[in-house]
Q: 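One structure coming up, written as C-alpha cells, with questions to follow.
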Amino acid sequence: MPQIPQTLHELSVGQLSARSGAAVSALHFYESKGLITSSRTSGNQRRYTRDALRRVAFVRAAQRVGIPLATIRDALAELPEERTPNREDWARLSEAWRKELDERITQLHRLRDHLTDCIGCGCLSLETCVLSNPDDINGEKITGSRLMPERKQPTENCS
C-alpha cells in the first residue's frame, strides 16, 4: 500500500484510490452521490482531504452489510459540519440499521426455505406462492401470483 507523507494534506484521486482500495470510478460515483467531496486545482484535477479516506472506508463498510447509498448519504449528512464519522457514530448508526438488516435476513431465510417450492412450479401460478405473495396477503381474494387486485369496471352513467 502506498504511503502518503503526513505533510501531504490533499490526495489526488489516484492516491485516494490506492489507499482506500476503491476504484477511481467508484470514487467519482461516491462524489456524484454526495458521499465525499473534492476541490479542484487550477488544472481542474480533483483533490481530496485526508479525511476522505475515513469517509470512503465508512461508505464501503456500510455497503458491505447492505446499506443503500442513499441511507449512507443521509447518515453522513447528519454529522455536524459534515465531519468524518468516528467510532461512536458507527456504533449509533449501525444500531439504527440493525432492525432493517434483521428484516432483510428474515426475508432471505424465507426465500431460501421456499425456493424449491417455486422451482417446482416454474410459472409462479401456485395457489399460494410464498415468493410472489409473502404471508399470503392476497390469498383470501385471489389465487396464483397475481399481486394486483382486479380492477372494477367503471359503470356507465345512463341518462
Side-chain angles (χ1 to χ4, degrees), residues 1-119 121-124 129-139 145-149 151:
M1 179 177 305
Q3 294 298 315
I4 299 173
Q6 289 295 328
T7 56
L8 185 62
H9 297 289
E10 290 187 329
L11 308 173
S12 69
V13 70
Q15 290 169 321
L16 182 59
S17 173
R19 280 296 303 274
S20 68
V24 170
S25 59
L27 297 173
H28 290 169
F29 181 73
Y30 291 165
E31 188 172 355
S32 74
K33 296 299 179 186
L35 299 165
I36 59 175
T37 58
S38 69
S39 59
R40 298 290 182 137
T41 66
S42 59
N44 203 30
Q45 295 175 336
R46 288 179 169 92
R47 290 293 184 259
Y48 298 90
T49 58
R50 290 178 67 90
D51 66 341
L53 282 167
R54 184 178 294 264
R55 288 179 78 90
V56 170
F58 177 88
V59 169
R60 295 185 78 203
Q63 278 187 295
R64 265 187 236 111
V65 296
I67 305 301
L69 285 178
T71 303
I72 298 168
R73 183 187 59 237
D74 293 345
L76 289 171
E78 290 178 11
L79 297 177
E81 299 175 16
E82 296 186 12
R83 70 170 165 75
T84 301
N86 58 30
R87 183 176 298 211
E88 292 78 25
D89 295 324
W90 180 259
R92 179 179 47 80
L93 292 168
S94 64
E95 183 62 33
W97 294 335
R98 181 176 294 276
K99 182 180 178 187
E100 180 182 341
L101 292 174
D102 287 342
E103 289 172 5
R104 282 196 221 159
I105 289 168
T106 299
Q107 290 171 347
L108 286 171
H109 283 166
R110 183 181 314 161
L111 175 62
R112 180 202 60 208
D113 294 344
H114 296 290
L115 188 58
T116 53
D117 296 340
C118 180
I119 292 171
C121 167
C123 66
L124 298 177
C129 181
V130 295
L131 298 178
S132 294
N133 190 10
D135 301 321
D136 198 20
I137 55 177
N138 292 321
S145 63
R146 297 170 298 215
L147 298 178
M148 298 298 293
R151 294 178 139 201

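Treat the numbers as computed from the prediction; the structure is a model and nothing was measured.
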Q: Test of understanding: with salt bridge (charged side-chain N to carboxylate O under 4.0 Å, His left out), list the residues that count as partners of R54, not counting sequence neighbours.
A: none
Q: Of all residues at least two apart in sequence or in a different chain, which pass the salt bridge (charged side-chain N to carboxylate O under 4.0 Å, His left out) check with R73?
A: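 Per chain and number, R73 pairs via salt bridge (charged side-chain N to carboxylate O under 4.0 Å, His left out) with no residue.
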Q: Looking only at non-hydrogen atoms, find the nearest pair between S20 and V56 and report the distance.
A: CB-CG1, 3.7 Å
Q: How about L69 and Q63: do any of their side-chain heavy atoms sit closer than 4.5 Å?
A: yes
Q: On a heavy-atom basis, which atom in S17 and which in A22 lie closest, and how many Å separate them?
A: OG-O, 2.6 Å
Q: Say you draw a straight line from NZ of K99 to CG of D102; how long is it, rounded to the nearest 0.5 Å?
A: 10.0 Å
Q: Please list, chain by chain and in numerical order, all residues satisfying side-chain hydrogen bond (donor to acceptor under 3.5 Å, both in side chains) with T49, sequence neighbours excluded.
A: D51
Q: For the CD atom of Q15 and the CG atom of L53, what is their distance to the nearest 0.5 Å?
A: 10.0 Å
Q: Considering all heavy atoms of both residues, which atom of L76 and which atom of P85 are nearest to each other, and what is their separation?
A: CD2-CG, 3.7 Å
Q: For T71, check side-chain contact (heavy atoms from CB on, under 4.5 Å) against everything at least two apart and list the hits.
A: I67, P68, W97
Q: Determine whether more than 12 heavy atoms belonging to other residues, nucleotides or ligands lie under 6.0 Å from atom CZ of R87.
A: no
Q: Among all residues two or more places apart in sequence or in another chain, which pass the side-chain contact (heavy atoms from CB on, under 4.5 Å) test with S25?
A: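 Expected list: A23.
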Q: Listed by chain and number, what are the side-chain contact (heavy atoms from CB on, under 4.5 Å) partners of R64, not counting sequence neighbours?
A: R60, A61
Q: Any pair with a residue in residues 10-33 that passes ring-ring contact (aromatic ring centres under 6.0 Å, His included), sequence neighbours left out, goes on the list, sorted by first then second residue, please.
A: none
Q: Mind running side-chain contact (heavy atoms from CB on, under 4.5 Å) on V59 and I36 for me, showing each step along the way?
A: CA-CA 9 Å; V59 169; I36 59 175; 5.5 Å; no
Q: Does L93 form a side-chain contact (heavy atoms from CB on, under 4.5 Å) with F58? I'd like the steps, not just the answer.
A: CA-CA 11 Å; L93 292 168; F58 177 88; 3.5 Å; yes
Q: Quick one: are L11 and R19 in side-chain contact, heavy atoms under 4.5 Å?
A: no
Q: So, using side-chain contact (heavy atoms from CB on, under 4.5 Å) as the criterion, who are the partners of D74 when residues are at least two apart?
A: none
Q: Could I get the full list of side-chain hydrogen bond (donor to acceptor under 3.5 Å, both in side chains) partners for E100, not counting sequence neighbours?
A: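 With sequence neighbours excluded, E100 shows a side-chain hydrogen bond (donor to acceptor under 3.5 Å, both in side chains) to R104, given in chain and number order.
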Q: Output all residues satisfying salt bridge (charged side-chain N to carboxylate O under 4.0 Å, His left out) with E95, sequence neighbours left out; order by chain, then residue number.
A: R98
Q: Please report the shortest heavy-atom distance between N86 and E88, naming the atom on each side.
A: OD1-N, 3.1 Å
Q: Restricting to side-chain hydrogen bond (donor to acceptor under 3.5 Å, both in side chains), what partner residues turn up for E31, sequence neighbours left out?
A: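 E31 satisfies side-chain hydrogen bond (donor to acceptor under 3.5 Å, both in side chains) with S38, R46, Y48 only.
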Q: For E78, which residues count as a salt bridge (charged side-chain N to carboxylate O under 4.0 Å, His left out) partner, sequence neighbours excluded?
A: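 Not a single residue meets the salt bridge (charged side-chain N to carboxylate O under 4.0 Å, His left out) criterion with E78.
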